[in-house]
Amino acid sequence: MEKTPPPVGKLWLVGAGPGDPDLLTLRAARLLASADLVVHDGLVGDGVLALIPPHAERISVAKQRSRHTMKQELINELLVRETLAGKQVVRLKGGDPFIFGRGGEELDAARKAGVTCEVVPGITAAAGCAAQAGLPLTHREDASAVSFVAGQCKDLSDQDWSGLAGHGRTLVIYMGIATATAIADKLIADGVSPDLPVAVIERGTTADARVLRTLLTDLGDLVAREAVRSPALIIVGKVAARADALDCFGAPGVAEKLGNFA
């Protein structure tokens with residue numbers, strides 16, 4: 001009798017979007033419905049997780065600042081091992097896999113092991129959260145360039161952010177709440193105006209989202225005063241003045257300065 005060939009596994013790196021399940025792509029939803037195993041991050045919204053069928057195994061590899069359920073190397077090993085075992089594996093990542101999602105590292109591991117892997121993009125937090133806030137990341141009058149940076153990297157003060165914020169530019173900072181004061185000090189020291197508008201979007205695209213606005217010089221104090229918690233984005237640039245936001249100013253005269261940008 002002929003032997004049945006072993007099942008052929010495949011790995012998908014799938015972007016879950018910024019939280020709202022309505023922002024999940026149709027392709028991502030179809031892959032979740034047919035997955036044998038879903039390995040997901042902590043930032044994947046509950047509404048998206050609810051789309052995983054009961055028959056699919058799910059493993060959480062949630063990460064928090066300085067605390068990891070599973071180190072990245074072990075995640076890579078898990079994905080490779082389960083795919084080589086013949087499973088249809090969905091690696092579900094908040095936002096987009098290739099924007100601060102370590103998707104590149106997981107793709108490298110899959111290629112090295114000879115695992116078939118496909119990347120399914122998702123709406124990154126910057127696009128989703130800014131859209132909900134009515135904040136255009138580019139605008140013909142205000143900004144023709146956008147940069148994404150991570151705010152929790154080690155040796156933040158040694159990084160070269162010159163030219164990323166200021167006239168005609170928008171800077172979007174992921175994972176920057178814990179270092180908000182250092183970020184503001186760094187940008188101001190690099191020549192960015194202390195009076196540049198800043199928006200902080202907390203839990204963006206969800207029903208309990210908050211959009212707060214101030215000036216760059218007040219950023220760290222704003223985060224402390226309003227007890228902002230991750231996940232949250234910081235958007236620095238003239239376009240922040242266009243957001244549908246609650247103005248939270250810590251010093252007299254700040255509101256008037258921000259009004260000059262409107």
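In this text the structure is predicted, and so the values were computed from the model without any measurement. Hydrogens, waters and symmetry mates play no part in the numbers below; they use all other heavy atoms, side chains included.
Contact record, Leu164 with Ser147: CD2-OG, 3.5 Å, taken as the closest heavy-atom pair. Pro97 approaches Val14 most closely through the heavy-atom pair CG-C, 3.8 Å. Residues Ala33 and Pro53 come closest through the heavy atom pair O-CG, 3.7 Å. Across Pro197 and Ala241, no two heavy atoms sit closer than the pair CB-N, 3.9 Å. Closest non-hydrogen pair, Ala133 versus Val211, comes out as CB-CG2, 3.8 Å. Across all non-hydrogen atoms, the minimal contact from Gly204 to Ala209 is CA-CB, 4.1 Å.
Under the 6.0 Å cut-off for aromatic ring centres, Tyr174 and Phe148 qualify, their centroids lying closer than that.
With respect to the salt-bridge test (charged N to carboxylate O, under 4.0 angstrom), the residues Asp36 and Lys87 do not qualify. Arg91 has no carboxylate O lying under 4.0 Å from a charged side-chain N of Glu82, or vice versa, which leaves the two without a salt bridge. A salt bridge does not link Glu202 with Arg229: none of the charged nitrogens is closer than 4.0 Å to a carboxylate oxygen. Comment: Arg111 does not engage Glu106 in a salt bridge, judged by the lack of any side-chain N to carboxylate O separation of less than 4.0 angstrom.
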**Item:** side chain to side chain contact (heavy atoms under 4.5 Å, CB included) between Leu13 and Cys117, intermediate numbers included
**Value:** CA-CA 7 Å; Leu13 306 180; Cys117 182; 3.7 Å; yes

**Request:** Kindly indicate, with the supporting measurements, whether the criterion side chain to side chain contact (heavy atoms under 4.5 Å, CB included) is fulfilled by Val172 and Val149.
**Result:** CA-CA 6 Å; Val172 181; Val149 300; over 6 Å; no

**Asked** Taking it one step at a time, do Leu135 and Asp244 satisfy side chain to side chain contact (heavy atoms under 4.5 Å, CB included)?
**Response** CA-CA 7 Å; Leu135 191 165; Asp244 298 324; over 6 Å; no

**Request:** Apply side chain to side chain contact (heavy atoms under 4.5 Å, CB included) to the pair Leu187 and Leu171, showing each step before the final yes or no.
**Result:** CA-CA 10 Å; Leu187 289 172; Leu171 178 62; 4.0 Å; yes

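For the atom pair CZ of Arg58 and CG of Leu92, the computed distance is 10.0 Å after rounding to the nearest 0.5 Å. Here CG of Asp221 is found 12.5 Å from SG of Cys248. Values are rounded to the nearest 0.5 Å. Here the straight-line distance linking atom NE2 of His167 with atom CG of Asp142 works out to 9.5 Å at 0.5 Å rounding. With rounding to the nearest 0.5 Å, the separation of CD1 in Ile188 from CD1 in Ile183 is 12.0 Å. Taken from CG in Leu233 to SG in Cys129, the straight-line distance is 4.5 Å, to the nearest 0.5 Å. Taken from CG in Leu31 to CD1 in Ile52, the straight-line distance is 12.0 Å, to the nearest 0.5 Å.
Using a 4.5 Å heavy-atom threshold, the side chains of Leu78 and Val39 count as touching. At least one side-chain heavy atom of Leu49 sits less than 4.5 Å from a side-chain heavy atom of His40. Side-chain atoms of Ile123 and Pro18, non-hydrogen and from C-beta on, do get closer than 4.5 Å to each other. Counting only heavy atoms from C-beta outward, the side chains of Ile235 and Thr170 approach each other to under 4.5 Å. Side-chain contact between Val89 and Val38: absent, with no pair of heavy atoms (C-beta onward) separated by less than 4.5 Å. Counting heavy atoms from C-beta outward, Val48 and Pro21 have side chains that approach closer than 4.5 Å. At a threshold of 4.5 Å between non-hydrogen side-chain atoms, the residues Asp218 and Val198 do not count as touching. In this structure the side chain of Leu37 never reaches within 4.5 angstrom of the side chain of Val90, judged on heavy atoms.
Proximity of a side-chain donor or acceptor of Glu141 to a complementary backbone N or O of Val239 within less than 3.5 Å is not detected. Using a distance-only test at 3.5 Å, with no hydrogens or angles considered, a donor-acceptor pair links the side chain of Thr179 to the main chain of Gly151. The backbone N or O of Gly101 lies less than 3.5 Å from a partner atom in the side chain of Lys93, making a donor-acceptor pair. Remark: side-chain polar atoms of Thr124 are not paired, donor with acceptor, to backbone N or O of Gly95 under 3.5 angstrom. For the pair Thr205 (side chain) and Asp20 (backbone), a donor-acceptor distance under 3.5 Å is present. Of the possible donor and acceptor atoms, none in the side chain of Arg27 sits under 3.5 Å from a partner among the backbone N and O of Val120.
In the hydrophobic cluster analysis, where Ile, Leu, Val, Met, Phe, Trp and Tyr join through side-chain heavy atoms closer than 4.5 angstrom, Val115 is grouped together with Leu107. Each of Leu43 and Leu32 belongs to its own hydrophobic cluster when Ile, Leu, Val, Met, Phe, Trp and Tyr are linked at side-chain heavy-atom distances under 4.5 angstrom. Put simply, Val119 and Val44 are part of two different groups of oily side chains (I, L, V, M, F, W, Y) that touch within less than 4.5 Å, one to the next. Tracing side-chain contacts under 4.5 Å through hydrophobic residues (I, L, V, M, F, W, Y), one reaches Leu216 starting from Trp161; they form part of the same cluster. In the hydrophobic cluster analysis, where Ile, Leu, Val, Met, Phe, Trp and Tyr join through side-chain heavy atoms closer than 4.5 angstrom, Met175 is grouped together with Val146.
Shown here are the ring-ring contact (aromatic ring centres under 6.0 Å, His included) partners of Phe98, two or more places apart in sequence or in another chain: there are none.
Of the candidates Thr206, Leu212, Asp208, Arg210 forms a side chain to side chain contact (heavy atoms under 4.5 Å, CB included) with just one, namely Leu212.
The closest side-chain donor-acceptor pair between Ser193 and Asp195, if any, does not fall under 3.5 angstrom.
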